[in-house]
Every structure is written in structure tokens, then in C-alpha cells.
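Everything below concerns the one structure shown next.
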Amino acid sequence: MQKVASLPLPPADALDASAALTTCIGDAIEAAGGWIGFDRYMALALYAPRLGYYSGGAAKFGRDARDGSDFITAPELTPFFARTLARQFAPLIAMDLPRVLEFGAGTGRLAADLLLGLETEGALPETYQIVELSGELRVRQQETLAARAPHLAGRVQWLDELPAQFEGVIVGNEVLDAMPVRLFARLGGRWHERGVALADGKFTFEDRPLADNAIPDALRALPGDHDMVTETHAEAEGFTRAVGAMLTRGAAFFIDYGFPAAEYYHPQRAEGTLMCHYRHHAHPDPFLYPGLQDITAHVNFSGIAEAAVDAGLSVAGFASQARFLMNAGITELLMELDPTDARAFLPHANAVQKLLSEAEMGELFKVIVLTRGLDDALPLAGFARGDRVHAL
Ligand SMILES: C[S@@+](CC[C@H](N)C(=O)[O-])C[C@H]1O[C@@H](n2cnc3c(N)ncnc32)[C@H](O)[C@@H]1O
């Protein structure tokens, strides 16, 4: 197992769990003849039962490394994120769509604050369903709901798998980026798949040349012949098709960091977008402490849009997070606080600034909405200005 001197050392029990996961992934590599695709490595590192990052006991979400966490997400930063989503969801729920379904609900903050926001908007859904892969997170979600919104917790149900059919509003914040990706490297003008092998008992990248007919379409046409590394997202696209097959009527909102394909596969982005998060340090080494750090890649929103259209959905809006939140009324909501009460106002104002700032989450994060069976006059205030569907 690799160590990095500048990063905090995990506690002994976490190191033991990481060693067990390392053995499990090593066995998978040997069973596969010495090499696995990076998507398989990422799936095991994040989701192997009990030991993967999301299936195991890591703290994951939080404000800083002192609480043992690795990163913070928008719903954890401020309830104004969820309250703004509630403003956007309320008129949809009023269109006889009284159900919400959330994918990958993290600590349960979004669920709790969204339900509270919808209550304020007079648009409480009859049910709020959560699809969560991690048993540990499900318990945390139940605790958060009991603490923050006890009178609404009875509306929440946990599902073990996607329902066959769903009518209502779907939401997933930072879920698509947590889905396994394949890695590819163009070296000396030739495409290779970058997978994981073992060298001296340690994980290492190993590139295997691809036959012409095995090069993914998204990469085949990329201009230039300079060396580059990038990713493809079959899992996130398959997930989008599954959402499309399930959604009989309603709207699905996915919020995440990423770009349209032209930007994602721009020749200047030659190092790909794979990124790991450990104790609030972002770094590029996916082999550090397997199971104890998050591994992510940015989302190719054009691929998500294409998969959605394949499944019969419409792409009803695509905007930067800043545009979406401002259009949907985040600043008006913030102004409900008393700005002269600095102690109450400033922490929220700072968090909202982080959500909106171009230099932080405002431009890198995007919101896409996929719909079925809703007419053209949709109440989608979040996309009223700055809609970029044309860029997908
Ligand atoms: C980065 S966390 C985001 C958590 C939360 N939404 C937030 O914003 O704080 C990613 C979450 O996506 C979940 N996830 C990944 N793939 C999923 C899938 N196919 N279905 C449901 N949840 C999934 C993970 O288990 C994890 O809870």
C-alpha cells in the first residue's frame, strides 16, 4: 500500500480494512490473468461489499480533515442549496407528480432539507424514496432525517433497487461522478486501454494497445496525435438509460461537475479528469489507501444527454450550477435572513458564494434535467436564462 508523507495517516483499523480490500482487488487481478480494466478497479475500490469506500465505514462527507472526512458537497455546505431545489421542484410536484426519488443520498442532508423546503413551499410529496448502494449511509440518512426533519421522516422509504416504473421528480447530486469509468491513453498516436496490474505486490497502471474496432467512438475521431489520457463513461450512460426506462412521467435532475463532450475531449485536456479525494486533499493517485479515499471522474454531459434521448427522454435544460441556482431564486431565499445579523447571515452567504462563484462550484458544476411526458410549457425557472442544451 502506498503512503504519501504529506497526507494524514489513516488509523490502524482503517489501514487493516484497506489491506483487506487491496488483497481482494489483487485476487481479482490474478483471477483475470494479471490485468483488469480501470472501471473494475474503481468499482471494487468504491463499492466492494463492506470494504469499498462507499460501502465501508469512512466518514466521507464533512467540513475538514479533523472530522476524518474527505470532501464536502453542496447539500452539506448550506440548506439553501436544497431550499432552492425545492423552489424548482414545487411547481413540478403540483403537476400531479407527488413523489420524489433521490439517488445516492449521502448523509441525508439533501433529503431532509429538500423535504423541509417543500413543506415551506406548500408542496410536500407523498413519498420520498432513496436508492442508496451503501448500508452504512442508509443508517446515517435515517439519523439525519430523525434529527433535522422528524415530522417528515415517515415519508421517506429506502429502495434496494430501481423500481420498475416511477412517476415523479428524480434528483441525484454528485452521483454520476461516482460511477466507474474506463481509462484510455493515446500514446505515440495509438490508443490503449489503461488498466490495473500488479508489480512487486503493488497496483500499477498497465496500458494495452486497442485493436481499431475496439476504440470507443468518442475517442476515434479526436483530433491531433499528441499523447493524452481520458475516460469513457459506460456505467453512467447505462444508468441514465435505466432511469429513462423507469421514468414513465416526470423530470430527473442530475447535478455534477463536468462538461459537454467538445470541452471534455478538448485536445488541451490531455491528462483526463480522474481525481481522488482524501482528507480534503485532491490528488491523482487512485492506488493510495484503496477503500479509504474517493475516486471520481468528471461527467461527459453530452454522453448523458445521448443516453437519455436513446431511452426516449427529452433534455429539457442544461445550465451551470450558478445560473440554475440564481434563476431558481437562491439569492431571494438568502435575503430572507437578516443581513445585519452577521453571525446568522455570513456563514450562509459564504456558502452560497461558494456554490455560485465561477472560481469554485458555480461554473464547473452543471445541472441537467431529463423529462418524459410533460408538455412544452414546463415550469423550469432554473433554466430560464443561460440554458446551454445547444452545447451538448
Ligand atoms: C459523492 S457521493 C454524493 C452523496 C450526496 N448526493 C451528496 O451530494 O452529498 C456519491 C453517492 O452516489 C452513490 N451512488 C453511486 N452509484 C449509484 C447508483 N448506481 N445508484 C445509487 N447511488 C449511487 C454512492 O453510493 C454515494 O452515496
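Quick note: numbers below take in every heavy atom, side chains included, and nothing from hydrogens, waters or symmetry partners. These figures come from a predicted structure and were not determined experimentally. Counting starts at 1 for both ligands and their atoms, in listed order.
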- Query: Do other residues, nucleotides or ligands put more than 12 heavy atoms under 6.0 Å from E271 CD?
  - Reply: no
- Task: Within a distance under 4.0 Å of any heavy atom of T73, pick out the atoms of ligand 1 and give their elements.
- Result: 7 (C), 8 (O), 9 (O)
- Task: Report the nearest protein non-hydrogen atom to atom 15 (C) of ligand 1: residue, atom name, distance rounded to 0.1 Å.
- Result: Y47 OH, 3.0 Å
- Note on the structure: Checking heavy atoms under 4.0 Å, the part of L137 that sits near ligand 1 is side chain
- For the rings on Y53 and Y47, is their centre-to-centre separation under 6.0 Å? no
- Paired with V169, the side-chain contact (heavy atoms from CB on, under 4.5 Å) test is passed by just one of L114, I93, V369, L118, namely I93
- Any idea which atoms of ligand 1 are less than 4.0 Å away from a heavy-atom of G104? 4 (C), 5 (C), 6 (N), 12 (O), 13 (C), 21 (C), 22 (N), 27 (O)
- Query: Heavy-atom contacts under 4.0 Å between P75 and ligand 1: side chain, backbone, both, or neither?
  - Reply: side chain
- Message: I need the nearest protein heavy-atom contact for atom 19 (N) of ligand 1: residue, atom name and distance, please.
- Response: M179 CE, 3.7 Å
- Any luck finding a side-chain donor-acceptor pair between Y264 and T273 under 3.5 Å? yes
- Query: Should Y54 be counted as touching ligand 1, given the test is an N or O pair under 3.5 Å?
  - Reply: no
- Message: Could you tell me, atom by atom, which parts of ligand 1 come under 4.0 Å of a heavy atom of E132?
- Response: 25 (O), 27 (O)
- Near V131, which atoms of ligand 1 are under 4.0 Å from a heavy atom of that residue? 21 (C), 22 (N)
- With atoms numbered from 1 as shown, which atoms in ligand 1 lie under 4.0 angstrom from a non-hydrogen atom of G106? 4 (C), 5 (C)
- Task: Counting heavy atoms only, name the option from L46, N173, L133 that's nearest to atom 16 (N) of ligand 1.
- Result: L133
- Message: Just checking F103 against F239, ring centres under 6.0 Å apart?
- Response: yes
- Task: Look at atom 10 (C) of ligand 1 and find which of H277, E174, Q141, R140 reaches it with the closest heavy atom.
- Result: E174
